[in-house]
Undergrad: 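Just passing along the structure, written as structure tokens.
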Amino acid sequence: MLQLATLRMNPGEVKQRLAIKNFKDPAMVDLIIQLDEERRKLSTSFDETKAKINAASKEIGQFMSKGQKEEADLRKKDVEALKSANHPIQEELEAVEKQVHELLLQLPNLPSPLVPPGKTPEENQEIRSGGSKPELHSGAVPHWDLAKKFDLIDFELGNKITGSGFPVYKGKGARLQRALVQYFLDYNTKAGYTEFMPPHLVNEASAYGTGQLPDKEGQMYFVSEDHLYLIPTAEVPVTNIYRDVMLKEHELPVKMTAYTPCFRREAGSYGKDVRGLNRLHQFDKVEIVQLVHPDKSYEVLEEMVVHIEKILQSLELPYRILRLCGGDMSFTSALTYDFEVYSAAQEKWLEVSSVSNFETYQSNRMKIRFKDEGGKSQFVHTLNGSALALPRILACLLENFQNENGIKIPVVLHSYFGSEMI
RNA sequence: GGUGAGGUGGAUGAGUGGCUGAAAUCAGCAGUUUGCUAAACUGCCGUAGGGGUUAAACUCUACCGCGGGUUCGAAUCCCGCCCUCACCGCCA
């Protein structure tokens, strides 16, 4: 959620930046500012009357203790009058406050100045790329065929047990998943991230905190009996660890990593994009999250990009890094880099990570603050990224490293996987 | 799921209708003392929103799990919800 002060100080700039995100209703900014002004007027008026009521109540207490009942009764009449005068003001104040809050929730985060304009994924900027596309042998096939041939993943079985989008990993397929999770967690903890195993279901407050609600309500699985959401990413439980926490400046940065399954309804997607491992309802992901000093967040974002890039290099996969344009970014992000890996048999790029700086958008909602040197409380900046999402990595590993003899496993995974070939 | 107890500031914990935004202790911060460390002493030490100020000072309001209610007045009484702990039941 944007801070009101930001809107108040620079309404013009806010509108300009919202336009880059293709926000359709810039007048909302003026409306919020206007309502806030009204809110403050009402608040002042309400507080003044309330102060009078409080003073009178105190006097009544004094009169009563002295046994001056008539005096007390007179003051009671005053209080009654003040209260009935204040009542409509209170109602109006509450209504305006609620309205401001609700409107504020509807504003997306402001894009950083680095964000390129644009509406579609085609307008994302390629920052750099690495690795090289492999030359596949003549019998090369997509990963879903490889999964069947080597008995690694059973999509039909998942269909039977649960439904489409819930594959069953089996034998070496399951082992490779576990190897990747371990490798990623080790890689992240070596870089100073503390490992967590958070709950896989979260309450409403947590889902609001990171911004999944109200924006992506329909994307999450919901357990209505207990009013809990299945997490769409570890970002939700992990960032909420620090909800309502006042940090000390020296405790920053907070670096956390977690492996969790992720659950997404992916309502409304079908077709070839969802074939095999390309898009699932349940998948595994290792996430990294940082809470940092506002002055450091863009530096840290670059660090996280390099961190993820190096994992991809270590896996010997061809990748490219994209800076997302305004139209392709998420609601809550100020700047996002997507990582895509080349899936050689499908001949297409697959997104395997997304790293974002949310600035104070999430911390404002979650009240994650720190005390600066002057003793003032400030919101931290939150950042997170996938390091990494498993299914598409697995798809690329299978496709890119297939040869006449089987599937080669990257060196860094040998000790985790227990062998060099499938 | 049942029964009982309880949720107060960073922590412990007092507080059953007005003088309590909240005792006391500990931790923390600043200072005095001290050869150093330790100890002792003094002061400060919640959050948010208004007003005010160049900035402060100052001042008002709200907050003692959350939401309602009673009352001139609620941390304190009443109702609902949530959570924690203990015991029982069930169970990986």
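The analysis underlying the following values was restricted to heavy atoms, covering all of them including side chains, and did not include hydrogens, waters or symmetry mates. Residue numbering restarts at 1 for every chain, and letters A, B, ... go by the order of the sequence lines.
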Undergrad: Can you tell me, in whole Å, how much space there is between the C1' of G1(B) and that of C79(B)?
TA: 24 Å
Undergrad: With sequence neighbours left out, write down each residue that passes salt bridge (charged side-chain N to carboxylate O under 4.0 Å, His left out) with R243(A), or none if nothing qualifies.
TA: none
Undergrad: Considering residues at least two apart in sequence or located in another chain, which fulfil the side-chain contact (heavy atoms from CB on, under 4.5 Å) criterion with K77(A)?
TA: none
Undergrad: Can you establish whether the number of heavy atoms outside E80(A) located under 6.0 Å from its atom CD is more than 12?
TA: no
Undergrad: Which base sits across from A48(B) as a Watson-Crick or G-U pair, both distances under 3.5 Å?
TA: U61(B)
Undergrad: Looking only at atom C1', what distance separates G65(B) and A5(B), rounded to whole Å?
TA: 16 Å
Undergrad: Can you pull out the residues from residues 33-51 of chain A that lie within a 4.0 Å heavy-atom distance of RNA chain B?
TA: R39(A), R40(A), T44(A), D47(A), K50(A), A51(A)
Undergrad: May I ask you to say whether D36(A) pairs ionically with R39(A), meaning some side-chain N is under 4.0 Å from a carboxylate O?
TA: yes
Undergrad: Could you tell me the Watson-Crick or G-U partner of A74(B), where both distances fall under 3.5 Å? Say none if there is no partner.
TA: none
Undergrad: E235(A): what forms a salt bridge (charged side-chain N to carboxylate O under 4.0 Å, His left out) with it, not counting sequence neighbours?
TA: none
Undergrad: Determine the Euclidean distance between corresponding P atoms of U61(B) and U42(B); express it in Å to zero decimal places.
TA: 33 Å
Undergrad: Provide the Watson-Crick or G-U wobble partner of A5(B), both distances under 3.5 Å; none if there is no partner.
TA: U84(B)
Undergrad: In whole Å, measure the gap between the C1' atoms of A75(B) and C63(B) for me.
TA: 11 Å
Undergrad: Please give the distance between the P atoms of C72(B) and C85(B) as a whole number of Å.
TA: 41 Å
Undergrad: Is it true that atom NE2 of H87(A) has more than 12 heavy atoms of other residues, nucleotides or ligands lying nearer than 6.0 Å?
TA: no
Undergrad: Kindly write out the residues that satisfy side-chain contact (heavy atoms from CB on, under 4.5 Å) with M421(A), not counting sequence neighbours, or none if the list is empty.
TA: N403(A), N405(A), K408(A)
Undergrad: Considering only residues two or more places apart or on different chains, which pairs with a residue in residues 227-265 of chain A satisfy ring-ring contact (aromatic ring centres under 6.0 Å, His included)?
TA: F222(A)-H227(A), F222(A)-Y229(A)
Undergrad: Please list all pairs passing the ring-ring contact (aromatic ring centres under 6.0 Å, His included) test where one or both residues lie in residues 190-210 of chain A, with sequence neighbours left out.
TA: Y193(A)-H307(A)
Undergrad: Looking across every strand, which nucleic acid part, if any, lies under 4.0 Å from S377(A) by heavy atom: base, sugar-phosphate, or nothing?
TA: sugar-phosphate
Undergrad: A quick test of your reading: do over 12 heavy atoms of other residues, nucleotides or ligands sit less than 6.0 Å from NZ of K15(A)?
TA: yes
Undergrad: I'd like to know if the side chain of N109(A) pairs up with that of T332(A) as donor and acceptor (distance under 3.5 Å, no hydrogens or angles considered).
TA: no
Undergrad: Identify, with sequence neighbours excluded, every residue that meets side-chain contact (heavy atoms from CB on, under 4.5 Å) alongside T49(A).
TA: I53(A), L82(A), N86(A)
Undergrad: Heavy atom of residues 67-102 of chain A under 4.0 Å from RNA chain B: which residues?
TA: K76(A), V79(A), K83(A)
Undergrad: Test: ring-ring contact (aromatic ring centres under 6.0 Å, His included). Region: residues 355-382 of chain A. Which pairs qualify, not counting sequence neighbours?
TA: H293(A)-F370(A)
Undergrad: Using the P atom as the point on both nucleotides, what is the distance between C77(B) and U25(B), in whole Å?
TA: 27 Å
Undergrad: Using a strict heavy-atom distance below 4.0 Å, which residues from residues 236-246 of chain A are in contact with RNA chain B?
TA: none
Undergrad: Both distances below 3.5 Å, Watson-Crick or wobble geometry, any strand: find the nucleotide opposite C41(B).
TA: G31(B)
Undergrad: Work out how far the C1' atom of G67(B) is from that of A62(B), and round it to whole angstrom.
TA: 16 Å
Undergrad: Nearest-nucleotide wise, let me know which of K248(A) and K58(A) is further upstream toward the 5' end of RNA chain B.
TA: K58(A)
Undergrad: Could you tell me how far C64(B) sits from G69(B) if I compare only their P atoms? Round to whole Å.
TA: 15 Å
Undergrad: Mark yes when over 12 heavy atoms from residues, nucleotides or ligands other than M246(A) sit less than 6.0 Å from its CE; otherwise mark no.
TA: yes
Undergrad: May I ask which nucleotide in the shown strands pairs with A11(B), Watson-Crick or G-U wobble, both distances under 3.5 Å?
TA: U25(B)
Undergrad: Under 4.0 Å from a heavy atom of chain A: give me the 5'-most and 3'-most nucleotides of RNA chain B that qualify.
TA: G18(B) to G73(B)
